[in-house]
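Both counts, for ligands and for their atoms, begin at 1 and track the order of listing. This is a predicted model, so every value here is computed, not measured.
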Amino acid sequence: MPLSAPSPFSFMLFGASGHLAQLKLYPALFTLAYKRRLPEQYNIVGFARSKMDDDSFRKLVAQSIREHVPEANESVLKEFLTHVYYRQGQYTAATAFKALHRQLQTLESGWKKKCRLVYFSVPPNVFSTISQNLRKSRIYTGDIPFCCIVEKPVGSDFKSFERVKAQLLKCFAAEEIYLLDHYLGKEAVRNLYYLRYANPVLERLLKHTLIHHVEITVAESVGIEQRAGYFEHTGTFRDMFQSHLMMIMALLTMHLHEDTNTLRERRLNALKQLYLPPTTSMDDVVVQGQYTQGTVDGKEVPGYREENGVAPKSRTNTYAALRLLTRMSRWAGVPFYLRSGKRLEKKDTRISIRFQELHPVGKGSAPNQLHIILFGEAGMRLELQTKLGGPEPAFRPLVLSDPLVCVGDCLPEHSFLLLEAIHSRQQWFLSFEEVQTAWRLLDPVQTHLGKKRTPLYTYAAGSRSPEETDAWLAKDGTSWMYL
Ligand code: BG6
């Protein structure tokens, strides 16, 4: 049976006119409608400060769906929009929440069963106000199924995370809070765990005795896309490493177990084993960059400091690379290089593993490599080598590769996670402890990156990365496998 929402629900979205809502959430909800995964009775109520009425909001929702869902079917879209409403208000305005409550009561009248979901696609500093208003207005009472879905990053460091956590827990029960990292909703990312689980041959290769080093690359060609307000205070390091890259790390290194109800515990355990390499200089551990003007996909694009809303002397990083180790015995001593950047040559997400060359083999030989590709031509690529014809032991690459196209019930990440939340399943959401552990690990790095004397290298938009990252890696006696 494909995953679906079994009973009526109201979905309230705070930050309804924002970038994430238009890029991911409306398309995700529509895809569920299109694939017939929604019940007959449901409401989507957008709440934001922007002045709009139901009609103009529906236009915005329809536009985002037409833009991002290639199979948008106009008659399904028309029906979908009849479930969509808008409420304009300040997050601090108790009266706006009371009005929202009255609206919900009208919309939900006659429903036998119901569930209410709220989605916080707003900065963490307004979570508390919204949560309190949800309680005071009795939109949340604790006696009907309720999910409060919170977008990453939760907080901006360990301390602010603790504050946000306390504020959320003051209003809702822990099991009603869903901390969302959309990477955990991606088929290809979740498949990491299953690839390891289902392929003992592969699992046996993932061992420190065989591996030289591992790279995890999350490269993006997009820039900050009108999100300067968010990005200036966040930067790539907080935006991408603290959650997405940490989750990929956890799924790759954690202990396997057949019981998927313990996934969060095992991811947490893997995160707890991570540590920064001991060194006298944090510059050996992390390197950061910022894009300048350049060409991406044949189009001239401005540098980061020229983007709307960015300070002309901003030191926010748009690229970072980090070296990490884990105490997990099977990975002991293997360096992991994590990197991510905006406005790079192309979008790509992959894990690249370079195996050790146990002895010199011959002319043209190269170490074996395995790439697990999580975006685009998602798939797997194993690079071996084979002998060239002739008496000499000279070699050429032998490449085994397969695109891992999702076959079966493939849903976009937010669609999958919304249904998981509706079913009260938490395993593909972050636990408070996971987020806490990630901040605790990365806080010192963040502090270092924020210092004026820490270098901030530049790279032209559309290039591979700051050139200095090659020298940074070469100090460890190696080079990038990819890009
Ligand atoms: C988000 C970040 O969490 O992930 C964005 O805030 C980033 O800055 C996005 O662009 C990348 O997601 P995806 O699904 O396109 O890889």
Summary of salt bridge (charged side-chain N to carboxylate O under 4.0 Å, His left out) pairs that have at least one residue in residues 427-445, sequence neighbours excluded: Arg267-Glu434
Other residues, nucleotides, ligands: >12 heavy atoms within 6.0 Å of Glu225 CD: yes
Asn125: side chain to side chain contact (heavy atoms under 4.5 Å, CB included) partners, not counting sequence neighbours: Pro123
Those residues that, when tested against Tyr85, pass ring-ring contact (aromatic ring centres under 6.0 Å, His included) (two or more places apart): none
Test side-chain hydrogen bond (donor to acceptor under 3.5 Å, both in side chains) applied to Arg339 and Ser465, step by step: CA-CA 10 Å; Arg339 55 191 177 144; Ser465 61; 5.2 Å; no
May I have the N/O to N/O pairs between ligand 1 and the protein that fall below 3.5 Å, each with atom names and distance to one decimal?
from, atom 1, to, atom 2, distance (Å)
ligand 1, 3 (O), Lys152, NZ, 2.7
ligand 1, 3 (O), His244, NE2, 2.7
ligand 1, 4 (O), His244, NE2, 3.3
ligand 1, 6 (O), Lys152, NZ, 3.3
ligand 1, 6 (O), Arg227, NH1, 3.4
ligand 1, 6 (O), Asp239, OD1, 2.6
ligand 1, 6 (O), Asp239, OD2, 3.3
ligand 1, 8 (O), Arg227, NH2, 2.4
ligand 1, 8 (O), Asp239, OD2, 2.5
ligand 1, 8 (O), Lys342, NZ, 2.9
ligand 1, 10 (O), Glu220, OE1, 3.3
ligand 1, 10 (O), Glu220, OE2, 2.5
ligand 1, 10 (O), Lys342, NZ, 3.1
ligand 1, 12 (O), His182, NE2, 3.1
ligand 1, 14 (O), Lys24, NZ, 3.2
ligand 1, 14 (O), His182, NE2, 2.8
ligand 1, 14 (O), Lys186, NZ, 2.6
ligand 1, 15 (O), Lys347, NZ, 3.1
ligand 1, 16 (O), Tyr183, OH, 2.5
ligand 1, 16 (O), Lys347, NZ, 2.9

Geometric class of the Phe97/Phe14 ring pair [parallel <30°, tilted 30-60°, perpendicular >60°]: parallel
